[in-house]
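What follows is a single structure, written as structure tokens, with notes after it.
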Amino acid sequence: QVQLVESGGGSVQAGESLRLSCAVSDRPGRVYDLGWYRRAPGKEREVVAIISWTGDRIIYADSVKGRFTVSRDNTKKTVTLQMNRLRAEDTAIYYCCADTRPGAWGPGIQVTVSS
């Protein structure tokens, strides 16, 4: 089973930046996409960014394009989400995920952006 743990969350002012990291623990020899999802208060969980194993395919939600950057390091076994020019509507619990079968999720980490 894949295990994931997020770190780097916190509270910031609108316009500032924050970087989330996720440590991935898995048995060797498996290949899968990694991604970030978020759940804002009163809303359903939504995809933020997805990155393929090699990094050649990346998908961003329209709301974060040009502001967020996802990357991964398969040697260090991490996936990172750099969040710039944060807005109040980015406030949510952020989850790291692995597209394994079955899928795996981290416990989530809070990001709060104040205007």
*Which pairs, with at least one residue in residues 32-42 and sequence neighbours excluded, count as a salt bridge (Lys or Arg N to Asp or Glu O under 4.0 Å)?*
Asp33-Arg57, Arg38-Glu46, Arg38-Asp90
*asked:* Checking Gln3 now: which residues fulfil side-chain hydrogen bond (donor to acceptor under 3.5 Å, both in side chains) with it, not counting sequence neighbours?
replied: none
*asked:* Show every disulfide bond (SG atoms under 2.5 Å apart) that has at least one partner inside residues 25-84, sequence neighbours left out.
replied: none
*How would you list all residue pairs meeting salt bridge (Lys or Arg N to Asp or Glu O under 4.0 Å) that involve residues 73-88, not counting sequence neighbours?*
none
*Transitive ILVMFWY cluster of Leu18 at side-chain heavy atoms under 4.5 Å: who else is in it?*
Val2, Leu4, Val12, Leu20, Val24, Tyr32, Leu34, Trp36, Val48, Ile51, Ile58, Tyr60, Val64, Phe68, Val70, Val79, Leu81, Met83, Leu86, Tyr94, Ile109, Val111, Val113
*Pairs flagged by disulfide bond (SG atoms under 2.5 Å apart) wherever residues 14-46 is involved - sequence neighbours left out*: Cys22-Cys96
*What residues, two or more places apart in sequence or in another chain, satisfy ring pair (Phe, Tyr, Trp, His ring centres under 6.0 Å) together with Tyr37?*
Trp105
*Partners of Ser52 by side-chain hydrogen bond (donor to acceptor under 3.5 Å, both in side chains), sequence neighbours excluded?*
Asp56
*How far does CG of Asn74 sit from OG1 of Thr54, to the nearest 0.5 angstrom?*
8.5 Å
*Quick check: are there more than 12 heavy atoms from other residues, nucleotides or ligands sitting under 6.0 Å from CD of Gln1?*
no
*Which pairs pass disulfide bond (SG atoms under 2.5 Å apart) with one or both residues in residues 45-80, sequence neighbours excluded?*
none
*side chain to side chain contact (heavy atoms under 4.5 Å, CB included) involving Asp62 - partner list, sequence neighbours excluded*: Lys65
_Using the rule that Ile, Leu, Val, Met, Phe, Trp and Tyr join whenever any side-chain heavy atoms are under 4.5 Å apart, tell me whether Val5 and Ile93 fall into a single cluster._
no
*Under the side chain to side chain contact (heavy atoms under 4.5 Å, CB included) test, which residues partner Ser115, sequence neighbours left out?*
Ala88
*Please lay out, stage by stage, how Glu6 and Ser21 fare under the test side chain to side chain contact (heavy atoms under 4.5 Å, CB included).*
CA-CA 6 Å; Glu6 304 92 346; Ser21 295; over 6 Å; no
*asked:* Strictly by salt bridge (Lys or Arg N to Asp or Glu O under 4.0 Å), give each pair with a member in residues 8-32 just once, sequence neighbours left out.
replied: Asp26-Arg30
